[in-house]
Amino acid sequence: MADDNKTNVEVQDPVTNPAPGVDKQPTQQPDNDPEKQPEKTFTQDEVNKIISDRLAREKAKQEEADKLKKMNADEKKDYELEKVKSEADQAKAELAKYRMRDEARNLLAEAGVQITDSDIDLVVTAEAESTKANVKALTDLIKRVQDSTRKDLLKGNTPRNSGSTSMSKEQIMAVKDPAKRQKLIAENIDLFRPSK
């Protein structure tokens with residue numbers, strides 16, 4: 001009797017079977033799954049730094065606004081002109097630095113030195129002369145280190161036996177095969193020389 005009171009209700013999926021008059025293109029749902037989007041946490045020091053940076057920017061803006069309020073029209077124009085000139089000079093210096101990076105990279109490539117962008121910033125300046133001097137100093141340093149390393153590597157003694165395990169005189173003499181024994185004696189000749 002409980003089954004007689006049930007009604008059949010058809011549920012429509014809005015994505016696969018939209019209601020009449022509704023656009024059939026599914027809409028992109030934002031991905032709100034917390035497992036897929038890890039929450040960014042900040043330490044107290046990071047929060048303090050963010051806040052102090054923001055306060056410094058706002059303070060600078062406020063000081064700029066106060067300064068402009070105190071000036072008359074001519075002073076404002078002069079100030080704006082100085083500000084634009086300063087920005088232009090900064091842009092020129094930045095452009096010169098990028099050009100010097102390319103020049104330094106070319107000079108280092110000619111010297112056979114492979115260098116990363118962060119390393120190249122150590123030698124680049126806005127002036128061509130100082131950049132070239134820095135590149136020369138760096139290449140000289142690299143050559144000195146290479147020469148020193150090469151000398152250290154060449155200074156070592158060449159090993160007498162070629163990877164074989166060292167054997168005692170008794171072990172060598174115990175080898176039954178005369179050809180193998182002669183070879184081992186030659187490889188370990190120091191064992192068979194008379195001691196002084």
Side-chain angles (χ1 to χ4, degrees), residues 11-19 22-150 152-153:
V11 177
Q12 291 183 337
D13 183 8
V15 175
T16 59
N17 193 9
V22 177
D23 187 12
K24 291 185 179 184
Q25 293 293 329
T27 57
Q28 291 248 335
Q29 296 291 327
D31 195 9
N32 293 330
D33 189 3
E35 292 177 27
K36 293 183 180 177
Q37 293 179 347
E39 187 174 312
K40 174 72 174 156
T41 58
F42 296 92
T43 64
Q44 186 63 42
D45 290 337
E46 290 173 328
V47 171
N48 290 343
K49 183 177 182 338
I50 292 169
I51 291 172
S52 64
D53 289 347
R54 176 65 188 246
L55 287 174
R57 284 194 308 266
E58 291 301 320
K59 186 177 179 182
K61 285 181 185 178
Q62 185 62 39
E63 288 173 357
E64 181 79 16
D66 290 344
K67 190 175 184 180
L68 287 174
K69 283 181 187 176
K70 294 177 184 177
M71 296 180 182
N72 64 28
D74 289 337
E75 289 175 333
K76 285 182 184 179
K77 286 180 185 177
D78 290 342
Y79 176 74
E80 290 296 326
L81 181 64
E82 281 298 317
K83 191 174 169 183
V84 168
K85 283 182 181 179
S86 172
E87 289 172 0
D89 289 343
Q90 251 182 338
K92 285 180 184 178
E94 194 71 24
L95 178 62
K97 191 170 183 178
Y98 280 116
R99 287 182 178 159
M100 286 298 107
R101 285 185 79 178
D102 291 340
E103 182 65 25
R105 189 178 310 282
N106 291 336
L107 290 171
L108 289 166
E110 287 173 8
V113 176
Q114 298 297 324
I115 194 164
T116 64
D117 286 340
S118 60
D119 293 337
I120 206 161
D121 287 338
L122 298 173
V123 296
V124 173
T125 64
E127 296 87 29
E129 299 304 319
S130 61
T131 298
K132 286 182 182 179
N134 290 346
V135 167
K136 174 133 177 59
L138 180 64
T139 55
D140 289 346
L141 172 68
I142 290 170
K143 285 179 184 176
R144 283 194 313 268
V145 169
Q146 287 173 339
D147 290 343
S148 173
T149 304
R150 188 176 300 117
D152 287 346
L153 290 174

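Given the structure is predicted, the values throughout are model-derived calculations rather than measurements.
Partners of Asp140 under the salt bridge (Lys or Arg N to Asp or Glu O under 4.0 Å) rule, at least two apart in sequence or in another chain, are Lys136. In this structure Ser130 satisfies the side-chain hydrogen bond (donor to acceptor under 3.5 Å, both in side chains) test together with Thr125, sequence neighbours excluded. Residues satisfying the salt bridge (Lys or Arg N to Asp or Glu O under 4.0 Å) criterion with Lys49, sequence neighbours excluded, are Asp53.
Residue Tyr79 qualifies as enclosed at atom OH: its count of foreign heavy atoms under 6.0 Å is above 12. Heavy atoms of other residues, nucleotides or ligands lying less than 6.0 angstrom from CD of Glu46 number more than 12. More than 12 non-hydrogen atoms from other residues, nucleotides or ligands lie less than 6.0 angstrom from CD of Glu58.
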Go through the steps to decide whether Val124 and Asn134 satisfy the test side-chain contact (heavy atoms from CB on, under 4.5 Å), and finish with yes or no.
CA-CA 7 Å; Val124 173; Asn134 290 346; over 6 Å; no
Would Gln44 and Asn48 satisfy side-chain hydrogen bond (donor to acceptor under 3.5 Å, both in side chains), going step by step from the backbone distance to the final call?
CA-CA 6 Å; Gln44 186 63 42; Asn48 290 343; 3.0 Å; yes
Carefully, step by step, assess Val135 and Glu103 under the rule side-chain contact (heavy atoms from CB on, under 4.5 Å).
CA-CA 10 Å; Val135 167; Glu103 182 65 25; over 6 Å; no
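No salt bridge links Lys83 with Glu87; every basic N to acidic carboxylate O contact stays at or beyond 4.0 Å. Between Asp147 and Arg144 there is no salt bridge, since no side-chain N of the basic residue sits under 4.0 Å from a carboxylate O of the acidic one.
Note that CD of Glu129 and CE of Met100 are 9.0 Å apart. Values are rounded to the nearest 0.5 Å.
A 4.5 Å side-chain heavy-atom check between Leu107 and Thr131 finds every atom pair outside the cut-off. At a threshold of 4.5 Å between non-hydrogen side-chain atoms, the residues Arg105 and Asp117 count as touching. Inter-residue side-chain proximity for Lys59 and Leu55 is flagged as unmet; no heavy-atom pair is nearer than 4.5 Å.
The heavy-atom pair separating Thr139 from Leu108 by the smallest distance is CG2-CD2, 3.5 Å. Considering all non-hydrogen atoms of both residues, Thr116 and Asp119 come closest at OG1-OD2, 2.9 Å.
Judged by distance alone, the side chains of Gln62 and Asp66 do bring a donor and an acceptor atom under 3.5 Å apart.
Using a distance-only test at 3.5 Å, with no hydrogens or angles considered, no donor-acceptor pair links the side chain of Ser86 to the main chain of Glu82.
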